[in-house]
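Since the model is a prediction, treat every value here as computed from it, not as a measurement.
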Amino acid sequence: MPDRAPQPVDRQLPMEESRELMALVHDIAQREIAPRAAEEEEAGHFPREVFSLLSEAGLLGLPYDSAHGGGDQPYEVYLQVLEELAAARLTVGLGASVHTLACHGLAGFGTKEQRTEHLPAMLGGGLLGGYCLSEPASGSDAASLRTKAVRDGDDWVITGTKAWITHGGIADFYTVMARTGVEGPRGITAFLVPGDAEGLTAAAPEKKMGMKGSPTAQLHFDGVRVPDARRIGDEGQGFAIALSALDGGRLGIAACAVGVAQAALDAAVAYAGERRQFGRPIADFQGLRFMLADMATQIEAGRSLYLAAARLRDAGRPFSRQAAMAKLFCTDAAMRVTTDAVQVLGGYGYTADFPAERYMREAKVLQIVEGTNQIQRIVIARHLAGPESR
């Protein structure tokens with residue numbers, strides 16, 4: 001791959017200290033993550049040591065309260081950190097986003113005692129989280145989940161199977177949604193389950209077309225006993241907690257998508273400046289120049305969209321519609337940009353010797369996770385036209 005350094009992203013940051021934070025993240029990404037990304041992804045290696053480093057640097061709890069070990073950073077900054085990490089390696093960027101998602105329930109809906117007891121270790125103590133909502137038969141229709149939690153004295157006994165769990169089998173804790181009452185969304189409750197709980201086992205990781213270094217697995221709950229002190233929020237509040245987490249999580253996916261797209265553009269620009277045909281660099285040819293221009297424009301538009309949604313969230317204003325729009329646009333754009341990057345590299349783009357094909361394979365999953373892009377369109381349309389008639 002050509003050695004030409006990519007142009008730095010012209011970031012909009014609210015404070016000067018945010019630039020110092022981004023400089024730290026960029027240094028870690030380029031020094032500790034990017035150099036080994038291709039090799040470790042091909043080998044299916046999960047970089048737990050990188051997540052330990054991120055935790056030590058205070059980068060796994062950025063949007064949470066410093067009183068509990070967080071970083072007190074606005075989402076506007078946190079998401080750009082995710083983008084930087086994802087540009088170096090999506091397994092790391094997406095993993096940090098999922099960890100933040102797993103912490104959301106306790107941070108936002110837990111009691112003061114729960115937050116004091118658990119959050120410091122979750123946010124800055126080297127732990128890694130997972131988020132358990134989907135099941136084999138309930139993905140987009142999450143409110144129909146079947147995993148049950150039955151009250152037994154001061155405990156709850158959880159039985160069922162969760163599916164498509166990022167960090168499944170390796171996480172230190174999981175935020176788990178289980179049915180404790182009636183059918184539908186009102187019968188779901190959230191629990192904080194230790195990763196080493198008795199009766200909790202993981203299936204073999206899924207064999208995926210991309211993100212091979214990030215384990216995705218089913219989790220089996222065979223009578224897992226959890227004390228009521230680990231119930232998050234009220235009984236029946238779990239689905240509302242899940243949806244609240246997903247609004248922020250969709251912005252995390254949008255930021256990761258922009259990161260992957262930016263990495264693909266940087267690779268394409270570098271290659272086009274070095275590759276010569278007909279006696280000159282292929283970057284001189286107008287058809288290819290227009291492709292690069294379109295790629296860059298989609299990236300800038302996506303970045304602006306997710307940052308606008310983040311600023312709404314930081315201001316305490318509703319942002320669910322904008323989060324769905326950002327997730328939809330940014331992930332679709334990442335798919336287009338990475339596909340075009342492969343085209344710019346030609347035959348070399350189709351080989352594993354260059355990163356473009358990996359970026360394209362990774363971009364695809366971002367159109368699916370945390371609500372498919374078809375679901376995002378449903379969410380947006382409901383905000384515009386109201387719920388569907390029955």
Side-chain angles (χ1 to χ4, degrees), residues 1-7 9 26 29-47 50 83-95 205-216 253 256-299 302 330-369:
M1 192 67 199
D3 294 331
R4 178 176 172 177
Q7 296 182 359
V9 175
H26 181 77
Q30 297 306 310
R31 178 168 43 87
E32 302 291 342
I33 302 174
R36 300 191 296 272
E39 178 183 354
E40 291 187 353
E41 282 297 320
E42 182 64 26
H45 171 73
F46 179 73
V50 168
E83 182 192 326
E84 193 78 32
L85 294 174
R89 185 178 178 186
L90 182 58
T91 284
V92 176
L94 185 69
E206 306 288 350
K207 296 180 179 179
K208 300 173 297 185
M209 68 183 284
M211 287 192 68
K212 297 177 181 179
S214 177
T216 304
I253 298 301
C256 286
V258 170
V260 172
Q262 184 68 59
L265 173 63
D266 291 342
V269 169
Y271 181 86
E274 296 290 334
R275 175 69 168 172
R276 299 182 66 86
Q277 293 288 277
F278 305 102
R280 53 180 171 156
I282 63 172
D284 281 356
F285 294 98
Q286 187 180 69
L288 191 141
R289 295 173 77 87
F290 283 6
M291 286 181 67
L292 297 176
D294 287 344
M295 293 160 72
T297 300
Q298 292 176 77
I299 292 168
C330 292
T331 59
D332 279 355
M335 195 70 249
R336 290 191 296 269
V337 168
T338 55
T339 301
D340 283 347
V342 170
Q343 191 70 20
V344 169
L345 270 68
Y348 290 110
Y350 200 68
T351 71
D353 295 327
F354 291 77
E357 60 85 28
R358 173 165 62 88
Y359 297 145
M360 187 178 74
R361 288 186 287 106
E362 291 177 342
K364 184 62 208 176
V365 76
L366 299 175
Q367 295 178 300
I368 299 170
V369 296

Partners meeting side-chain hydrogen bond (donor to acceptor under 3.5 Å, both in side chains) with [X] (sequence neighbours left out):
X: Thr216; value: Lys208
X: Glu362; value: none
X: Glu357; value: Arg361
X: Thr331; value: Asn373

Parallel, tilted or perpendicular: which fits the ring planes of Phe285 and Phe278, with parallel below 30° and perpendicular above 60°?
-> perpendicular
Does anything in residues 282-298 pair up under side chain to side chain donor-acceptor pair (under 3.5 Å), and if so which pairs, sequence neighbours excluded?
->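 Of all non-adjacent pairs touching residues 282-298, those that pass side chain to side chain donor-acceptor pair (under 3.5 Å) are Gln298-Arg336.
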Hey, could you give me each pair passing side chain to side chain donor-acceptor pair (under 3.5 Å) that has a residue in residues 36-46? Not counting sequence neighbours.
->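 For residues 36-46: Arg36-Glu40, Glu40-Arg89, Glu41-Arg89, Glu41-Thr91.
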Can you name the nearest heavy-atom pair linking [X] to [Y], along with the distance?
X: Pro47; Y: Gly213; value: CD-O, 4.4 Å
X: Cys256; Y: Leu90; value: CB-CD1, 3.8 Å
X: Leu85; Y: Ile33; value: CD2-CD1, 3.8 Å
X: Ala264; Y: Tyr359; value: CA-CD1, 3.6 Å
X: Cys330; Y: Val258; value: SG-CG2, 3.8 Å
X: Gly273; Y: Pro281; value: O-CB, 3.8 Å

Side chain to side chain contact (heavy atoms under 4.5 Å, CB included) partners for [X], two or more places apart:
X: Ala34; result: Gln30, Ala88
X: Ala261; result: Ile299, Ala334, Val337
X: Gln343; result: Met291

First locate atom [atom1] of [X], then atom [atom2] of [Y], and finally report the distance between them rounded to the nearest 0.5 Å.
X: Glu274; Y: Arg276; atom1: CD; atom2: CZ; answer: 9.5 Å
X: Met295; Y: Thr338; atom1: CE; atom2: OG1; answer: 8.0 Å
X: Glu84; Y: Gln262; atom1: CD; atom2: CD; answer: 9.0 Å

Sequence neighbours excluded, the answer for ring pair (Phe, Tyr, Trp, His ring centres under 6.0 Å) partners of Tyr350 is none
Given side chains that start at C-beta, do those of Leu292 and Asp340 come closer than 4.5 Å, heavy atoms only?
->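 The answer is no; the side chains never approach within 4.5 Å.
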Walk me through it: do Tyr271 and Ile282 pass the test side-chain contact (heavy atoms from CB on, under 4.5 Å)?
-> CA-CA 9 Å; Tyr271 181 86; Ile282 63 172; 4.0 Å; yes
For Arg280, enumerate each residue passing the salt bridge (charged side-chain N to carboxylate O under 4.0 Å, His left out) test, keeping only those at least two apart in sequence or located in another chain.
-> none
